[in-house]
Amino acid sequence: MQKVMLERAKALLSDGTVRAVLAWEKGDFAYDTTPAVFNSAERLEKGFVYSPFCGANLSKYLIKETQKEGKILVFLKPCDTYSFNQLVSEHRIKRENVYVVGVECKGMLDIEKIREKGVTSLISASWEGEQVRLVTADGEILADSSELMQERCLCCKSKKHVAYDELLGEEGEVLDSNRFDEVARLEAMSAKERFEFWRGELSRCIRCNACRNVCPACSCEKCIFDNPDSGVQNKAAADPFEENLFHVIRAFHVAGRCTDCGECSRVCPEHIPLHLLNRKFIKDINELYGEFQAGETELPREPLTEYKADDVEPGVVYERGAE
Amino acid sequence: MHRIGVFVCHCGTNIASTVDVKAVAEAAAKEPGVVFSADYQYMCSEAGQNLIKDTIKEKNLTGVVVCSCSPRMHENTFRKAVSAAGLNPYLLEVANIREQCSWIHKDIKDGTEKAIVLTRAAIAKVVLNAPLVAGTSPVTKRALVIGGGIAGIQTALDIADAGFEVDIVEKRPTIGGKMAQLDKTFPTLDCAACILTPKMVEAAQHEKIRILSYSEVCGVKGFVGSFKVKIKRKARFVKEDVCTGCGLCTEKCPMKRVPNEFNLGMDERRAIYIPFAQAVPKVAVIDPDHCNMLKNGKCGVCAKVCSVGAIDYKAQDSFVEEDYGAIVVATGFEPINIDAYDEFAYSQSKDVVTSLEYERLMNAAGPTGGKLLRPSDGKHPHTIVFVQCVGSRESDGSPKCGKSYCSKICCMYTAKHAMLTREKYPDTEVYVFYIDVRTPGKGFDEFYRRAAEQYGVHYVKGMVGKVVPENGVLKVRAFDLIAGEQLQINADMVVLATAIEPDKTARPLATLLTASMDTNDFFTEAHPKLRPVESPTAGIFLSGACQGPKDIPETVAQAGAAAAKVVGLLAKDSIVCNPCVAHSDEKLCNGCSRCERVCPYGAITYVDKEFKMPDRSIKIRRVSQVNEAVCQGCGACTVVCPSGAMDLKGFSTEQLRAEVDAICK
Amino acid sequence: MQVNNSTGSKDVFRPKIVAFCCNWCSYAGADLAGTNRLNYPADVKIIRVPCSCRVNPLFVLQAFQRGADGVIICGCHPGDCHYTSGNYYARRRMTLLFSMLDFMGIEKGRTRVEWVSAAEGAKFADTMNDFVSTVTALGENRRLEDLRCRK
């Protein structure tokens with residue numbers, strides 16, 4: 001797959017279709033790939049990588065890149081294309097300045113899970129059907145991919161690209177995902193248990209802003225958390241309320257626009273399951289206002305800028321879930 | 001540096017009895033930025049206003065807080081005072097310490113504490129107030145009147161006489177409304193048609209009035225001074241401008257058995273018909289539910305007999321969009337459905353009728369040609385029982401869902417019916433069962449007493465419990481509260497004084513107009529005493545029974561008052577806009593379009609704009625812009641804006657947050 | 001139902017309640033409650049907003065942060081919004097926000113949305129009496145408070 005992608009990128013670069021390529025670049029270790037803009041075949045040859053560690057969603061980088069003149073090529077995994085559409089609908093990405101190559105994805109690996117398995121000195125990883133081949137300094141290991149995959153990939157919502165100019169690899173379908181199970185489990189708890197759960201999770205927050213910085217929906221020119229006039233400008237978490245406030249506001253700001261790409265949880269250095277907050281909004285929206293998937297199309301549609309005269313009353317909250 | 005003045009009103013004892021106004025003034029004086037704080041007997045009085053004006057000048061105030069009644073009452077008064085002293089009128093805040101404090105709390109400590117918090121919140125807000133300048137927007141010098149009954153006709157005539165164009169939209173094929181169905185009018189007993197039809201004709205012939213009959217309002221956009229109204233013109237299947245109203249078609253149409261709504265279904269009309277002889281416009285209309293030609297293409301008689309070729313079977317509903325500066329609602333009333341009152345046997349006997357049906361039975365153009373005959377057998381009735389308050393004055397939550405209010409007109413029209421019946425047919429015994437007889441009005445009580453004393457109408461205080469039809473007789477069982485005895489009257493007819501309610505079209509219309517209604521679906525006034533013909537929604541006026549039960553003289557008086565208000569608006573070339581509108585900070589705007597999508601007025605547009613970046617490069621960004629003349633200041637956009645670029649003047653995020661802080665402190 | 005608000009004793013918990021009322025319906029309804037002398041506790045402090053859709057979820061959170069024990073938002077009845085659609089947006093926003101607060105374990109009774117028309121003075125007073133007693137029963141807000149407030 002990596003080879004096919006590399007060849008295609010070089011071809012489009014050389015025939016002048018695109019001025020640059022937005023893709024993943026190799027890091028010091030197999031698992032630390034980073035998003036990068038490649039502007040020559042040489043750089044691509046040297047640094048380009050597409051491996052089970054290329055989890056980063058590249059759509060957000062297009063906000064800046066498509067402001068520039070000429071087209072840029074971007075490789076998007078199925079879930080990334082939802083973010084892409086959403087950003088196009090919000091006029092954040094100039095669609096005419098981007099050439100989207102959809103690439104197949106079999107799920108991304110979680111380095112923590114690999115470490116928990118006792119694997120060290122990892123050199124590379126690759127998919128082999130339902131399994132993953134891990135090459136280490138000590139030899140090769142064949143493991144069940146389900147044991148090593150990131151949580152968000154285990155409950156993948158779609159293997160289908162919703163936006164692309166061309167596709168490489170196999171195209172999949174929208175999946176029947178069980179991604180709301182964890183939210184439902186929390187909903188079934190008592191209010192006190194939920195409060196304890198979230199205090200336990202959110203009290204670890206160090207306000208590094210990684211979740212916001214990586215989030216494709218957080219694309220404001222100036223984030224309210226950076227704006228002294230907003231009254232909620234960034235502060236170190238001085239007390240328990242601060243984390244609640246920060247994360248509820250952030251989740252609310254992206255509610256209806258969040259595509260559930262899961263980047264927030266992936267980048268959280270404290271491993272806070274932030275995606276559960278977003279997913280709670282998505283689940284509520286689905287249940288109260290009808291199934292909705294942000295980014296499914298380029299059409300500017302979203303539940304919080306729409307209404308129906310017979311929408312449920314806010315009192316519905318009191319009737320749902322356990323106390 | 002802020003220099004705030006705080007003025008605490010006693011409102012006589014209205015505030016001072018449950019709020020320690022001196023303590024409030026003292027507490028306010030300690031707030032940062034406050035340089036003057038005092039209490040005064042009546043802030044709204046001239047002397048009170050002068051105190052504000054003088055202090056602004058003396059102390060060089062930068063903001064004013066008045067702690068008094070609701071801002072809905074006197075905000076404008078105080079704004080004017082502030083403005084007269086040279087300060088921007090929007091540098092004023094009102095702390096509502098009467099309606100929302102002194103009047104609801106009995107404990108002086110509670111009331112004072114709360115008043116201090118409310119004052120603090122107002123001070124916190126006023127220091128963030130910015131001087132605002134109101135723009136103006138032009139006024140379209142045309143009015144729309146919705147409803148062509150006596151209220152609508154009178155309003156339209158009065159507006160037109162003042163020289164402005166008026167359109168009347170009437171949902172039925174003719175104007176005239178309920179009054180056209182009445183026989184005589186109380187208390188003078190003049191004939192309703194004789195006084196109404198000249199007005200209908202005058203409206204039709206007035207050069208400034210256009211009647212859009214058989215039409216409905218189906219969309220309203222815009223705001224005071226510039227409404228855009230979409231009107232559905234229902235297909236008549238008869239060309240209005242060709243038909244001469246000769247009525248030949250209505251005689252030849254073979255479809256004879258259609259219930260005649262003008263006579264409340266008590267006789268029949270044809271499928272093509274003119275509602276009544278004096279209809280305006282006097283143009284035939286085809287009822288598509290009964291016309292064979294429209295239903296299955298077999299007939300065409302009316303087209304054959306029409307000498308002018310006015311029949312058009314292919315006609316379709318059409319839509320027109322018109323501009324107006326003001327809209328008058330005159331949708332009137334309907335008698336309620338009395339299915340739930342089966343104890344009166346309305347559904348079991350044809351001889352139990354509603355008052356409006358009785359009105360038609362008495363009328364020369366009615367189903368019996370003006371002879372009082374029982375609907376069941378066409379015989380002359382000798383005993384008639386009138387039952388008052390059917391569906392009116394019921395306790396809230398009654399199982400029959402009756403109305404809690406008094407329908408107001410029933411006592412008088414029942415007295416009229418009773419009197420007319422006794423006059424024409426002295427051999428008829430007439431009983432009226434009542435809870436109370438209410439006759440406030442000029443000449444009303446005299447009229448009622450004439451009925452009871454001179455015409456020998458039997459007034460019985462008490463309610464009818466049951467009416468049982470038996471062998472052509474209506475056995476009326478009732479209780480005479482004064483004699484304290486059970487009564488049974490064998491009546492030939494029973495007449496029910498049915499409660500009236502707002503027309504069914506009023507509720508959806510109120511939604512289109514964003515005009516508010518009360519729980520009974522009557523339109524609410526801007527102020528129950530001082531602004532009775534205006535809706536709280538600017539540019540919407542109320543005429544007639546759509547605002548509450550009314551008799552004809554009251555309706556006509558209110559219709560004229562509404563017209564005067566409309567004329568007052570249309571006489572202006574432009575009106576001052578609300579300056580509390582949304583505003584977008586271009587530096588923060590992402591160009592996401594969310595605000596544009598929620599704006600109910602289409603006030604937000606996006607433009608590509610060049611921005612100089614810190615490195616002197618030029619960047620083109622898509623940013624939102626608010627049309628301040630169109631924005632009505634709801635603030636929906638401010639909350640959907642993810643970046644906080646959108647804010648609302650007068651109710652800014654910063655101001656509201658300051659109020660929250662002051663209250664929670 | 002009426003909550004006795006004349007007890008001045010310090011032991012009795014008196015909640016802080018912030019009520020956002022839209023100018024056209026609920027604020028007028030609150031005025032009517034006053035005109036009709038309908039009693040409700042002084043713990044309720046009203047902030048006037050043009051429309052319920054002006055209430056940013058941020059304001060609700062901030063009120064809790066600053067020590068409010070309950071926040072209620074009142075607007076025109078659905079379909080009667082002065083601005084046609086404002087309360088419909090508010091309804092979705094607040095439903096989702098409240099559901100989220102519940103999801104984080106904040107007591108449900110501390111938040112409420114109620115539609116009160118300009119004619120419903122009695123409903124306004126009843127609503128406030130009921131809300132204050134609900135919040136009083138829940139006690140002080142601890143779960144969503146900025147602890148620095150208590151200093």
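Lettering follows sequence order; numbering is per chain, from 1.
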*asked:* Between B:Cys634 and C:Cys53, is there a side-chain heavy-atom distance shorter than 4.5 Å?
replied: yes
*Run the numbers on C:Arg37 and B:Ser102 for side-chain hydrogen bond (donor to acceptor under 3.5 Å, both in side chains), then give the verdict.*
CA-CA 9 Å; C:Arg37 312 296 198 274; B:Ser102 72; over 6 Å; no
*Taking all heavy atoms of B:His105 and all of C:Asn39, pick out the closest pair and write down the distance.*
CA-ND2, 3.8 Å
_When you compare the side chain of C:Arg54 with that of B:Thr653, does any pair of heavy atoms fall below 4.5 Å?_
yes
*asked:* How close do C:Pro50 and B:Leu648 get, counting heavy atoms only, and between which atoms?
replied: CG-CD2, 3.5 Å
*asked:* Using only non-hydrogen atoms and a strict under-4.5 angstrom cutoff, which residues of residues 15-22 of chain C touch chain B?
replied: C:Lys16, C:Val18, C:Phe20
*Flag side-chain contact, heavy atom, 4.5 Å: C:Thr35 against B:Trp103*: yes
*May I ask you to say whether C:Arg48 pairs ionically with B:Glu75, meaning some side-chain N is under 4.0 Å from a carboxylate O?*
yes
_Could you report the tightest heavy-atom contact between C:Phe59 and B:Leu656, atom names first, then the distance?_
CE1-CD1, 3.5 Å
*Residues of residues 23-33 of chain C contacting chain B, heavy-atom criterion under 4.5 Å, by residue number*: C:Asn23, C:Trp24, C:Tyr27, C:Ala28, C:Ala30, C:Asp31, C:Ala33
*Minimum heavy-atom distance B:Lys114-C:Tyr40, with the two atoms named*: NZ-CE1, 4.2 Å
*Considering non-hydrogen atoms only, spot the tightest contact between B:Val639 and C:Pro57 and give its length.*
CG1-CD, 3.6 Å
*If you count heavy-atom pairs under 4.5 Å between each of C:Ala119, C:Ser85, C:Cys51 and chain B, which one has the most?*
C:Cys51
*Using a cut-off of under 4.5 Å for heavy-atom pairs, which of C:Asn56, C:Ile47, C:Asp80, C:Thr84 has the most such pairs with chain B?*
C:Ile47
